[in-house]
Amino acid sequence: PASTRLVIISLMATPPPMNASTPQEGASKEEQEAMMGLLQDMQIRDSIRMYNQIVQECFTQCVDDFKFGTLSSKEEKCLEGCAQKFQQFSARINEKFIVHQYQEGNK
């Protein structure tokens with residue numbers, strides 16, 4: 001259903017946070033921009049990888065009947081729950097990452 005698609009799309013729209021610290025102090029502006037571009041590319045690839053993992057895992061766990069062209073209500077509920085678990089897990093990981101980055105920056 002639409003709510004499952006929204007959960008999965010929201011995961012794609014929120015890539016993992018970038019390192020809050022600034023690029024190397026001694027790097028030129030061009031090098032800093034290249035580093036930021038590389039970080040953004042890495043985040044996009046990671047978001048796509050996560051999306052593909054969610055689709056594969058949730059489909060494997062939830063869809064088991066191919067007799068009909070639509071999902072059963074049981075399959076829809078399973079997919080929703082699976083996508084929400086991934087979203088919650090991802091949010092927890094991101095929170096821990098942010099705390100760790102903050103702690104490392106204050107050492």
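We're numbering straight along the sequence, starting at 1.
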(request) Supply the atom-to-atom distance Glu31 CD to Glu33 CD, rounded to the nearest 0.5 angstrom. (result) 11.0 Å
(message) Run the side chain to side chain contact (heavy atoms under 4.5 Å, CB included) test against Glu95 and tell me which residues pass, sequence neighbours left out.
(response) none
(request) State which residues pass side chain to side chain contact (heavy atoms under 4.5 Å, CB included) with Cys82; sequence neighbours excluded, sorted by chain then number. (result) Cys58, Gln61, Cys62, Phe86
(message) If hydrophobic residues (ILVMFWY) are linked whenever their side-chain heavy atoms come closer than 4.5 Å, directly or via other members, who joins Ile93 in its cluster?
(response) Phe89
(request) Kindly write out the residues that satisfy salt bridge (Lys or Arg N to Asp or Glu O under 4.0 Å) with Glu104, not counting sequence neighbours, or none if the list is empty. (result) Lys107
(request) Measure the NZ-CD distance between Lys85 and Gln88 for me, rounded to the nearest 0.5 Å. (result) 9.0 Å
(request) Identify, with sequence neighbours excluded, every residue that meets side chain to side chain contact (heavy atoms under 4.5 Å, CB included) alongside Asn106. (result) Tyr102
(request) Hey, could you give me each pair passing salt bridge (charged side-chain N to carboxylate O under 4.0 Å, His left out) that has a residue in residues 53-65? Not counting sequence neighbours. (result) none
(request) Please write out which residues are connected to Met42 in a hydrophobic cluster, directly or through intermediates, given that two of Ile, Leu, Val, Met, Phe, Trp, Tyr count as joined at side-chain heavy-atom separations below 4.5 angstrom. (result) Leu38
(request) Go through the structure and list residues passing side chain to side chain contact (heavy atoms under 4.5 Å, CB included) with Arg49, not counting sequence neighbours. (result) Asp46, Gln53
